[in-house]
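Values in this document were obtained by computation on a predicted structure and should not be read as measured data. So you know, we letter chains A, B, ... as the sequences are listed, proteins then strands, and number each from 1.
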There are 2 protein chains.
Amino acid sequence: MNTTEHLARNERLSERLTTSGFRFTPQREHVYALLLQKRDHPTAEEVFIRAKRVMPDISMATVYNCLDALVKCGLARQVTLERGAARFCPNMQEHCHFYCDNCESVFDIGLPAGAGVPLPKGFRAERFDVTIHGRCPACSNGKK
Amino acid sequence: MNTTEHLARNERLSERLTTSGFRFTPQREHVYALLLQKRDHPTAEEVFIRAKRVMPDISMATVYNCLDALVKCGLARQVTLERGAARFCPNMQEHCHFYCDNCESVFDIGLPAGAGVPLPKGFRAERFDVTIHGRCPACSNGKK
DNA sequence: TCAATATTTGGAATAATTCTAAGCGTTAGC
DNA sequence: GCTAACGCTTAGAATTATTCCAAATATTGA
């Protein structure tokens, strides 16, 4: 990544954090950069492992704290696809997740325009989470 | 519940279990009846508590086993709405879940006909999970 | 009825997340 | 710039959710 992008990213991060009442910290910067770098919907544990390669003293509690701050300030989504660890996704465009029940990988899938669910009176929707379970192309070919 | 309904339910349960290679047991019957009785999307823990009122010796491991069997034989859905315990839903009609971020209750919401997501080539969908986060009617009225 | 095999049970083990207390770093007011 | 207030990080303990295990029991098919 070049310096311009880097600066732009940090400016966005800093602004979002601040307007949500959070502080900009090296740990949050690092965790956010990691999320953007490899968009494979890692769990907190996986983020922790990646983070330690560059920042060996970072703790698990901090990783949770950073991820939660990113979610709360609108720069990442938390995805709970199945029993077990939550995953994190920095793609904030409207999209849904395809979870391969065979290989357990997660794919971002675009949503058709106008997708939405009419709600009964009184409900106020804040966000939609759409998950599709099935087989990804690699696992579709007759494999168990 | 009257005897006719009761028998019909058990017949359906027994058949579904058997065709999926499971056995029909009193514990599974009881857990299924509980799910149908109070459709408030309980966690395994909550099912355990309710189950013990009638069947005091049932164990947590059995509750998990029964719930998993019900999910696998197509009589219940497992719902993972957020970090934390999975919930269970015996409504197998096409519907989605509304989760109130304030009071944490879950509502079944009908889906519009033809709702679906076009998938890239090679993906094979098995099921859709749609969750909407927001405020339910009771929590919408200006409350924090 | 018997044998084979699935299920149940309680408890231990593991996984995922949250909490806690102490120390540190930033920021705002002076 | 100094200081108080407060948010953040850390390690580790605690809690929550789920899975695993081995022994006893129940169910099914022959």
Side-chain angles (χ1 to χ4, degrees), chain A residues 10 13-34 41-52 54-73 75-76 78-88 104 106, chain B residues 10-11 13-32 34 41-52 54-73 75-76 78-88 104 106:
Chain A
N10 277 349
L13 172 58
S14 176
E15 199 225 298
R16 290 295 195 102
L17 285 171
T18 313
T19 54
S20 295
F22 295 107
R23 289 190 183 159
F24 178 85
T25 69
Q27 287 85 348
R28 287 176 181 162
E29 176 189 353
H30 184 43
V31 165
Y32 186 46
L34 286 178
H41 305 83
T43 62
E45 179 79 28
E46 286 161 347
V47 172
F48 178 53
I49 291 166
R50 291 175 198 174
K52 279 212 288 199
V54 168
M55 206 176 250
D57 288 341
I58 198 171
S59 77
M60 195 67 205
T62 299
V63 169
Y64 274 104
N65 176 311
C66 293
L67 289 169
D68 288 345
L70 291 172
V71 169
K72 287 199 183 115
C73 77
L75 289 173
Q78 183 183 73
V79 189
T80 49
L81 299 163
E82 9 107 57
R83 228 133 78 176
R87 291 157 177 270
F88 296 85
E104 302 181 357
V106 180
Chain B
N10 277 349
E11 189 151 335
L13 172 59
S14 176
E15 198 224 297
R16 291 295 195 102
L17 284 170
T18 313
T19 55
S20 296
F22 294 106
R23 288 185 183 164
F24 178 85
T25 69
Q27 288 84 349
R28 286 175 181 160
E29 177 189 353
H30 183 45
V31 165
Y32 186 45
L34 287 178
H41 305 82
T43 61
E45 180 78 28
E46 286 161 347
V47 172
F48 179 53
I49 291 165
R50 290 175 198 175
K52 279 211 288 198
V54 169
M55 207 177 249
D57 288 342
I58 197 170
S59 78
M60 195 67 207
T62 298
V63 169
Y64 274 105
N65 177 312
C66 293
L67 290 170
D68 287 346
L70 291 172
V71 169
K72 288 201 182 110
C73 77
L75 289 174
Q78 184 183 72
V79 189
T80 50
L81 298 164
E82 10 105 58
R83 229 133 79 175
R87 291 156 176 271
F88 295 86
E104 302 181 357
V106 180

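Separating the CG atom of B:Asp57 from the P atom of D:dA26 is a distance of 11 Å, rounded to the nearest angstrom. Per the geometry, CD belonging to A:Glu45 stands 12 Å off C1' belonging to C:dT14, to the nearest Å. Atom C1' of nucleotide D:dT16 and atom CZ of B:Arg87 are separated by 14 Å, given to the nearest angstrom. Separating the CD atom of B:Glu29 from the C1' atom of C:dT8 is a distance of 16 Å, rounded to the nearest angstrom. The CZ atom of A:Arg23 sits 13 Å away from the P atom of C:dG25 (whole-angstrom rounding). Following rounding to the nearest Å, B:Asn65 (CG) and D:dC21 (C1') show an atom-to-atom distance of 14 Å. Here D:dT9 presents its C1' atom at 15 Å from NZ of A:Lys52, a figure rounded to the nearest Å. When the C1' atom of D:dT19 is taken as reference, atom CG of B:Leu67 falls 14 Å away, rounded to whole Å.
Remark: B:Gln27 is not in phosphate contact with D:dA26, judged by side-chain N or O atoms under 4.0 Å from OP1 or OP2. Residue B:Thr25 has no polar side-chain atom (N or O) positioned under 4.0 Å from OP1 or OP2 of D:dA26. Distances shorter than 4.0 Å separate some side-chain N or O of A:Arg83 from OP1 or OP2 on D:dT19. Contact check, A:Thr62 against D:dT10: a side-chain N or O comes under 4.0 Å of OP1 or OP2.
Residue A:Ile58 is the one, among A:Ile58 and B:Phe24, whose nearest nucleotide of DNA chain D lies closer to the 5' end (criterion: closest heavy atom). Mapping B:Gly21 and A:Thr43 onto DNA chain C by nearest heavy atom places B:Gly21 closer to the 5' end of the strand. Ranked by how close their nearest DNA chain C nucleotide is to the 5' end, B:Met60 and B:Arg28 are led by B:Arg28.
Between D:dA17, C:dT9, C:dA16, one nucleotide has an atom nearer to the side chain of B:Tyr64 than all others, and that is D:dA17. For B:Asp68, the listed nucleotide lying nearest its side chain is D:dT19; candidates were D:dT19, C:dT7, C:dT17. Among D:dT18, D:dG12, C:dG11, the nucleotide with an atom closest to any side-chain atom of B:Ala61 is C:dG11.
Heavy-atom minimum distance, B:Ala51 versus B:His30: O-NE2, 3.2 Å. Nearest heavy-atom pair, A:Ala69 versus A:Arg28, reported as atom, atom and distance to 0.1 Å: CB-NE, 3.8 Å. When all heavy atoms are compared, the tightest approach of B:Arg23 to B:Leu17 is O-CD1, 3.6 Å. Minimum heavy-atom separation, B:Thr18 to B:Ser14: OG1-O, 2.6 Å.
Side-chain contact between B:Tyr32 and B:Arg16 is absent, with no heavy atoms from C-beta onward closer than 4.5 Å.
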